[in-house]
Engineer: 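Have a look at the structure that comes next, please.
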Amino acid sequence: MAAFGPSTAQPAPGAPEIHAAVANEEAVLDIDGFSLWYGAARALWDISMRIPRGKVTALIGPSGCGKSTLLRSVNRLNDLIDGVRIEGDMRLNGDSIYDRAVDVIELRKRMGMVFQKSNPFPMSIYENVVYPLRIDGVTDKRVLDEVCERSLRGAAIWDEVKDRLQTSGLSLSGGQQQRLCIARAIAAEPEVLLMDEPCSALDPIATGRVEDLIADLKGSYTVLIVTHNMQQASRSSDYTAFMYLGRLVEYGPTDDIFMRPHRKETEDYVSGRFG
Amino acid sequence: MSAPDPKHPARRVRALSLFAVGEPWIWLTNAALVLCVSMIVGLVGLVLVEGASTFWPTDGVRLRLLDGSVVIGEVTRSELHAPTDVAIREQVGEAHVAQAREKIAAAGGEARRDLVRIGNYEVTGEHFRWVSDFNVAERGAPKDLVVFERVTWGRFYGTPVRFERAGVKTADGTEDAWRAFEEAHPGCRERLETRRRLERVDLGRVNHALSEARLTLRRAEIRAGGVASEADQAAWRTRTAELEAEATRIRDRIVAIDKENDGWVVIMRIADGKEVPIRVADVVRAYRPNTLDTAGRLGVLVSRWREFLLDEPREANSEGGVWPAIFGTVVMTLLMSIVVVPIGVLAALYLREYAKAGVVTSSVRIAVNNLAGVPSIVFGVFGLGFFCYTVGASIDQLLFAEKLPNPTFGTGGILWSALTLALMTLPVVIVATEEALAAVPSSMREGSYACGASKWQTIRRIVLPKALPGIMTGAILAMARGAGEVAPLMLVGAVKLAPELPVDGIFPYVHFERSFMHLGFHVYDLGFQSPNSEAAKPMVYTTTLLLILVIVTLNLAAIRIRTSLRRRYAGGQF
Ligand SMILES: Nc1ncnc2c1ncn2[C@@H]1O[C@H](COP(=O)(O)OP(=O)(O)OP(=O)(O)O)[C@@H](O)[C@H]1O
Ligand SMILES: [Mg+2]
């Protein structure tokens, strides 16, 4: 497969180390030999991994290794970027994501996404949160109010904004904006929650509450979270995947990845000796 | 602290050079700003000062010249000059040359000359006259001097002598005559106003109905292919007879009013001692400038501004008001904005959001940008050829066949003017909108797509609201450009004197086909086409001031909308 991409100087790809425990889980998302090019530059190399249902899976790896790219491929946000080309496929509950017949809009509605950089909309806090419902045509004020409060509570920001729901979302502080975006992502109760470093702009208390949120969501939702924070990965995720230079290196239960990694690179990275 | 590190010797802090600090650049930018501001302040200041002082009533003067003749009027401006021998002789006559020379010598060789507005055009044949001070034997400001502003013939200066009512003297002497005039004036003006209404509104309606009846007959003729049926003709005859009768009734009333007004006359003595009868009804405004205190002057000022803003022009536009021009400017500008903003925004939306980037898109963009550089008169020519003579003529063929060969839409009009200017300002709106759309961060769009929004939902709910202030800026610029534009309007519908406003009480109330008056065109007309250019000159400034005020008002309204939009959607980031 990789033969189609422009060959760049890459270390000889060893097959990824996938722990047996992952294979026993029921997968909600099945990534199957997925590669991605930005124009001529290849960002993902033949990634195959199964994301277990109802569990939290963390993606870790050094900056620029393709974590965001992989996450954005799951809800096909990379479609919007000119010159992106993919190979391989992903399946959500067995249905292809990249099939021609797929309704991308329906697909995205089943997923929520929190971005690395907060991106509230130019509207009130209230409207920001209920945006996914609005575009679905929900107008029942009771439903909207309820969703708004539940989501804001879930994102640990309710107490701060409950008295000014009608002010602009852009008037919040950076960390508040990020939590607002988290609230928006969980408003429509998605099957899969994609989080790209959701806590990078948050203080320890807010981070703790987001981690609590993730713990609450576990079970009913599947969470795929990118993080640079090893403690966070080890605390709140069930499975961890380590990526390096666009490749999946090792993927297994979080405890194993952190305590008993099979690969040297993984061990170096999680122990902070990477470099 | 510690011993010096040999690898990193302590560096001495050197003073930064002047250029590194950037001081000269600050001066340069500052100088540029000062230059811009002083040019703008100079222009606006001139317009403001000249425009605001136009209506202030000045003192009346009575000048007895060396040869014994008398000049009365108002001094409008003065200048110094060094008179030549010939000029002195010409002005004062052989007999007084020596006397004049003495005066000039006493003043240090220079002479002042005043431009005196002498009015009384029907007697003097001129509105203004230069009077040099060496020619003045005696200068006075008589208390009983009266200024009349009249419906026709411009100003009148004189002293009241008697008052007559239906040919019978009712008051004698200056004071009594003036009092009698002041008593009679409001009633006469009221009658004149009634007469004007009868003529404009009632008679206008009858005339309109008459032409409607004729058009109905004409339509019937066209339908029948030549001659209308007997019934149609009979209907037309009865209708016409009815209307003619009504018109006669109205005309009779007008004649009666005229006759009544003819009976109120004040006899005035003018500069050369002659007595001139003035119909009270012909006087728009009367005051005695030399008895006015500040409050009285303010009263005249306010009354003149009122007339200027709310009335129609008279005396070839050099007197009276500019209300039709204000109305025309505002309606045309709004009409233009209503057309150009939606079209421009939609076009920019397609160009930026939907069109694939490529040669075609770039060419369209370049073409649009170049459209902004086309001289505005070219748009006027295009508007005349395309809108008036092609589109308008076709509309006439289809809908107004009975009026042909008189054009309805097939000639200049407010709609075609608005469309022409819309075309002219389109690039401004498109460019501004494109910029505003491009400035919407892609992270916001991605956030919306990630929520499962379609492209259109994203544009409508995220991109447009975020870009709206920028779009409004474009609309404001377009509006300002359009409101101040004159050249193309001269071809497609602005006229010197429009008989009717584009909006009135006759069905269908809004008449897009009508020609209209425009403040910008009015300025041009006053400044370069007026027969009485001295009197028109101050009006040029006042009208310019008004045009600027109208544009500023329109812009402020738009800016207010933009600010409230900003407040609704924004708040600083972080
Ligand atoms: N829009 C894009 N166009 C071209 N190249 C891109 C684009 N986005 C990312 N890349 C490239 O793809 C590679 C992976 O980027 P990605 O954003 O997925 O990294 P990441 O693992 O999320 O890094 P970080 O931890 O710093 O967020 C990088 O080399 C980057 O330069
Ligand atoms: Mg990233």
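Here is how names work: the chains are called A, B, and so on, in the same order as the sequence lines, proteins then strands, and each is numbered from 1.
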Engineer: Considering all heavy atoms of both residues, which atom of A:Asn75 and which atom of B:Ala450 are nearest to each other, and what is their separation?
Structural biologist: ND2-CB, 4.0 Å

Engineer: Of all the heavy-atom pairs spanning B:Lys466 and A:Pro122, show the shortest one and how long it is.
Structural biologist: CB-CG, 3.7 Å

Engineer: Heavy-atom count around B:Tyr354 OH within 6.0 Å, excluding the residue itself: above 12?
Structural biologist: yes

Engineer: As an exercise: rank A:Arg134, A:Met111, A:Glu106 by heavy-atom pairs under 4.5 Å with chain B and give me the winner.
Structural biologist: A:Arg134

Engineer: Do you know which of A:Arg110, A:Met113, A:Arg72 has the most heavy-atom pairs with chain B at a distance under 4.5 angstrom?
Structural biologist: A:Arg72

Engineer: Using non-hydrogen atoms only, which part of A:Arg184 is less than 4.5 Å away from chain B: side chain, backbone, both, or neither?
Structural biologist: side chain

Engineer: Do the non-hydrogen side-chain atoms of B:Tyr449 and A:Asp79 ever get within less than 4.5 Å of each other?
Structural biologist: no

Engineer: Under 6.0 Å from the NZ atom of A:Lys117, do we count more than 12 heavy atoms belonging to anything else shown?
Structural biologist: no

Engineer: Side chain, backbone, both or neither: which part of B:Arg445 has a non-hydrogen atom closer than 4.5 Å to chain A?
Structural biologist: neither

Engineer: Which heavy atom of A:Leu77 sits nearest to which heavy atom of B:Glu446, and what is that distance?
Structural biologist: CD2-O, 4.0 Å

Engineer: Grab the two heavy atoms, one from B:Ala453 and one from A:Ile105, that are nearest each other, plus how far apart they are.
Structural biologist: O-CG1, 4.3 Å

Engineer: Between atom OG of B:Ser443 and atom CD of A:Gln116, what is the distance when rounded to the nearest 0.5 Å?
Structural biologist: 12.0 Å

Engineer: For atom CD1 of A:Ile205, is the number of surrounding heavy atoms from other residues, nucleotides or ligands below 6.0 Å larger than 12?
Structural biologist: no

Engineer: Testing the basics here: between A:Lys109 and B:Cys451, what is the closest heavy-atom pair and its distance to 0.1 Å?
Structural biologist: CG-O, 4.0 Å

Engineer: Does A:Asp140 have more than 12 heavy atoms from other residues, nucleotides or ligands lying within 6.0 Å of its CG?
Structural biologist: yes

Engineer: Considering all heavy atoms of both residues, which atom of B:Ser448 and which atom of A:Tyr131 are nearest to each other, and what is their separation?
Structural biologist: OG-OH, 2.7 Å

Engineer: Is it the case that over 12 heavy atoms from other parts of the model lie below 6.0 angstrom from the CD atom of A:Glu146?
Structural biologist: no

